[in-house]
Amino acid sequence: MKTHHESGPPPLVSGPDQLPGRAQRKLLAAGLLGSSIEWYDFFLYGTAAALVFPHVFFPHSSALTGTLLSFSTFWAGFLARPIGGAIAGHLGDRHGRKPVVVVALLGMGLATFLIGCLPGAGTIGVAAPLLLVVLRFAQGLACGGQWGGIVLLLTESASPKRRGFAGTFGQMGVPLGIILGNSAFLLTTKLTSDDTFLSWGWRVPFFSSVLLFPVVLFIQTKVEDTPEFEQLRRSAERGARPQVAQAPLKEAKLLVARSHAVRLSSRFDEAIDLARRAAQLIGPEAGPEIGPEAGEDLGEALRAELAVHLDTVHPARAEQVLERLTAVGPHEHDLLAPRIENEINRGRLAHAARLLDRADDAHTAALRPRLLVRQGRLLEARSLLERFTDDHSRIPMAHRESSALLAWMHALLGHADRAAEHARVGIGLGRDLRSPLLTCVSTGRLGLALITGSGPTDVRQAHQHLLESLELAERLGVDRFRAEPLMGLTVLADRMGRPEDTLRFGIDAVEILAAAGDRYLEAMARLAIGAALASRHDPTARTWLKEARELAHECGDALVPLLCDQWLASLDLAEGDRAAFAARAQDVLTRTVDLNLTDIWLTPGWLGITDEAVRRAWLDAARAERCAAAHAAYLQDRISPPTGGTITHPSPPAQSVLRITTLGGFAVDRGGVTLTAESFGRRKAIEILLLLCASERHSQSRAELHDKLWPELSREKASVRFWVALHALHHVLEPERAPREPTRFVRTSADRIWLDPHSVTVDADEFRAHADQLLASAECDPAEGQKVLGAYQQPFLHDYPAFEWAIPVRDELAVRFTELTLATAESLLEAGDHTAAIAACRRLLAHDPFVEPAYEVVAAARLAAGDSAGAHRAFRECERLFEEELDIRPTWTLDSSGVHSVRHVR
């Protein structure tokens, strides 16, 4: 099939038959003749207005005034031309090109003939110039109508390759009409005297317009209407919709492009309006019969609207657009990715999973982490997402950004710091990509991160971020994105002493999500209300929790039902119903293992039981009732014991026989026997131990460990390698253990692996605990500070610099080492021990030469010891390093008298 570029200007519709060659030639001749006589009539008036009309229609005026009045009537024709064009265009589309051309030619001929018949002002007075203006206006209407009509008649009847040539015949009528009009008056003035010419001779050229009538008769009887219009008429008679003109298609494509552009800047209402206008231009009720090209364009318009509903997570509206898209008739494969995403958004997770298994392209594969999150398989989703990297110079993906999704997952898992970190990345990404929607989502998730976990939470900051997200959502006009901050405010209300706000915020969130058709998040909103009420033992919490559990179960989610049952068991325990508690607790603990969701006990998310005392009582009762007692005991051991409000020095367990050194070169002390890296034989055996040392609470899910150490292998093959490496590790750590004897140091369960806290100590834990205690005290004890700093010989696992899982812990401990060193050095300086203060700072600078406050303390110590030159050397050392390496100047200085102006930064 030829393209438009190959075949010349495209027709308004495709596929009509063209006129035969002989008929085309007759039509061209008639068109040229009719156009020429038409313009002859139109320009004839201009010549007459200069030569005759001042004498005939304005005889009582002076020569100048008469000429001006005569020409003042000239404008009426030009005023009428666009009006005539608009009327003729409308009628031509409804009734055909030929009738419009015939009427226009007749109108011009009749108006011109009547001007020739018009009596002068001396006969009928002022009525003469008024009738002249009316007839001139009629000439303008006719001229406007024939101009477009004759050109369309010529071009649409010609073959595609000759349409430009055919159109020139309508244009050539203009110069020919001018020539004919001037020639007619020139001939009349030559053949008549002046008096005769002014009396009746000027009327002869106007009477000549009757020559138009034969042309009109020829066109009416011998010329058929254009093939394009005949095809449109036949289609209408058959009841089929004609194909759409190219001009509206081009405008529709432009509207679609604008819709996508404004959507990316989060102007969603405007984007929907543009997309719907594009669809309306193509055909509001169009279906497959509109033709392939128009069908594709209608599909693009509908996809533009669909993209808005997917961005704003409004599955109910998206489903309506998907139904229309299916009716238009694109290939089902083209709709697979948006259909999967909308099924995920609707909460139809089983169906989405089946569709996703059928897909094999990268776009649909990127939807799998979101599906896993909504199925409650958070650790699998996290493993997938953490392999992705964000590019800050691309199109924003709104709520689908990996940073926003990771913030959501970590908040659900109770990893407050990681959730906040990813949320802040999302906020920065939203700013860089100019995506207010991503900023809105990430700001709300930062608020959720700050109310996550069982430790102290910044309620004020969390409340501020949630309100900011709510305001951004309202500003964007996207009701759906008010739901997440409202859920956070539901949980936060009780903590802020405003229990009356729990239901107000929660019910608002439920109604928004129900209207949007997002059943999964609606279940989560109901859980938020139930959790907030259950935390204060409100009996109505049961209703909300049971509704949330049922709705989430229908969706195919596992996390929300698990959290609901965890809360319901807590209510059973509080109400003294031990039988109901035992049945529910057994089920909850079993599912915790099956789903690999131990984190809901160790680091509860914002919807979990964040009160550590409640969790401990829950697990105590489960052990007493023999409900999965082994796993309950494990969880109880991993939950940190309550502190009395003061920080104490942790001491190694009495039975500890395995000590792992990570801050001075990796080594393992096993009852006085030192094991080095070479002792382990298998590289993966030592990597398991390193990963456990770097993990929070020295515990890892087996699924995560498989993904981290054997990412290239399938889960089955990774499991085999894991057991081989673990056996080698056990053999090195416990060489005398009998084959079936329980392991003592590295423990495993159905879903996790961990270091036993009663028999294993890690020096990094002791350093962290001591450093936190000293930094939290009002004054840092310099002697104790030096003792703790002595344990930090090297950065965490510095002999394994490429072991990526150690990097976050290494950075965290380095920050503590820096803060403790500065605090200790300042305490030493205040105590007058200048030499020790300088030594501590120099040791810190050996680890990190860019710690500017360390140079300040060194200079201050030198000045206090009377060594002004040494203070200046410290300043110049800092100044040179910062200028050469960082191209900046230090933020402190020494004044002219040698007195140190120190900026302390504790």
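In this text the structure is predicted, and so the values were computed from the model without any measurement. Sequence positions, counted from 1, serve as the residue numbers for this chain.
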Novice: In the structure I gave you, are the side-chain heavy atoms of M496 and D501 within less than 4.5 Å of one another anywhere?
Specialist: no
Novice: Are a donor atom and an acceptor atom from the side chains of R752 and S699 found within less than 3.5 Å of each other?
Specialist: yes
Novice: Over 60° means perpendicular and under 30° means parallel, so classify the ring planes of H415 and H410, tilted if in between.
Specialist: tilted
Novice: Hey, is R519 close enough to D557 for a salt bridge, meaning N to O under 4.0 Å?
Specialist: no
Novice: Would a 4.5 Å heavy-atom cut-off, applied to side chains only, mark L356 and I344 as touching?
Specialist: no
Novice: Between E421 and R418, does any side-chain N to carboxylate O distance fall below 4.0 Å?
Specialist: no
Novice: So which heavy atom on P604 is nearest to which on R615, and how close?
Specialist: CG-NH1, 3.3 Å
Novice: Counting neighbours of CZ on R317 that are heavy atoms of other residues, nucleotides or ligands and sit closer than 6.0 Å, is the number greater than 12?
Specialist: no
Novice: Between E471 and R475, is there a salt bridge with N-O shorter than 4.0 Å?
Specialist: yes
Novice: When you check the gap from the basic side-chain N to the acidic O, do R258 and D273 get nearer than 4.0 Å?
Specialist: no
Novice: Begin with the C-alpha distance, continue with both residues' side-chain angles, and end with the deciding distance and a verdict on side chain to side chain contact (heavy atoms under 4.5 Å, CB included) for W805 and L705.
Specialist: CA-CA 11 Å; W805 314 110; L705 188 142; over 6 Å; no
Novice: With a 4.5 Å heavy-atom cut-off, do V459 and I451 have their side chains touching?
Specialist: no
Novice: Any idea which heavy atoms bring A541 and L533 closest together, and the distance?
Specialist: CB-CB, 3.6 Å
Novice: NE2/H465 to CD1/I427 distance, rounded to the nearest 0.5 angstrom?
Specialist: 6.5 Å
Novice: Could you go through the side chain to side chain contact (heavy atoms under 4.5 Å, CB included) check for L476 and F481 one step at a time?
Specialist: CA-CA 9 Å; L476 289 171; F481 284 104; over 6 Å; no
Novice: Considering residues, nucleotides and ligands other than D417, do more than 12 of their heavy atoms fall under 6.0 Å from its CG?
Specialist: no
Novice: Check this for me: does any side-chain nitrogen of one of D357 and R354 sit under 4.0 Å from a carboxylate oxygen of the other?
Specialist: no
Novice: Run the numbers on L589 and L619 for side chain to side chain contact (heavy atoms under 4.5 Å, CB included), then give the verdict.
Specialist: CA-CA 10 Å; L589 290 172; L619 293 170; 4.2 Å; yes
Novice: Side-chain contact, heavy-atom cut-off 4.5 Å: R339 with T326?
Specialist: yes
Novice: Check R374 against N345 and note the closest heavy-atom contact, atom names and distance.
Specialist: NH1-O, 3.3 Å
Novice: What I want to find out is whether E319 reaches R348 closely enough, with some N-O distance under 4.0 Å, to be called a salt bridge.
Specialist: no
Novice: Looking at E812 and R768, is there a salt bridge between them, counting it only when a charged N and a carboxylate O are closer than 4.0 Å?
Specialist: yes
Novice: Using the rule given for salt bridge (Lys or Arg N to Asp or Glu O under 4.0 Å), can you reason through D479 versus R482, listing the C-alpha separation, both sets of side-chain angles and the distance that settles it, and then say yes or no?
Specialist: CA-CA 5 Å; D479 225 23; R482 295 177 59 237; 3.2 Å; yes
Novice: Should the pair R303-E300 be classified as a salt bridge under the 4.0 Å nitrogen-to-oxygen rule?
Specialist: yes
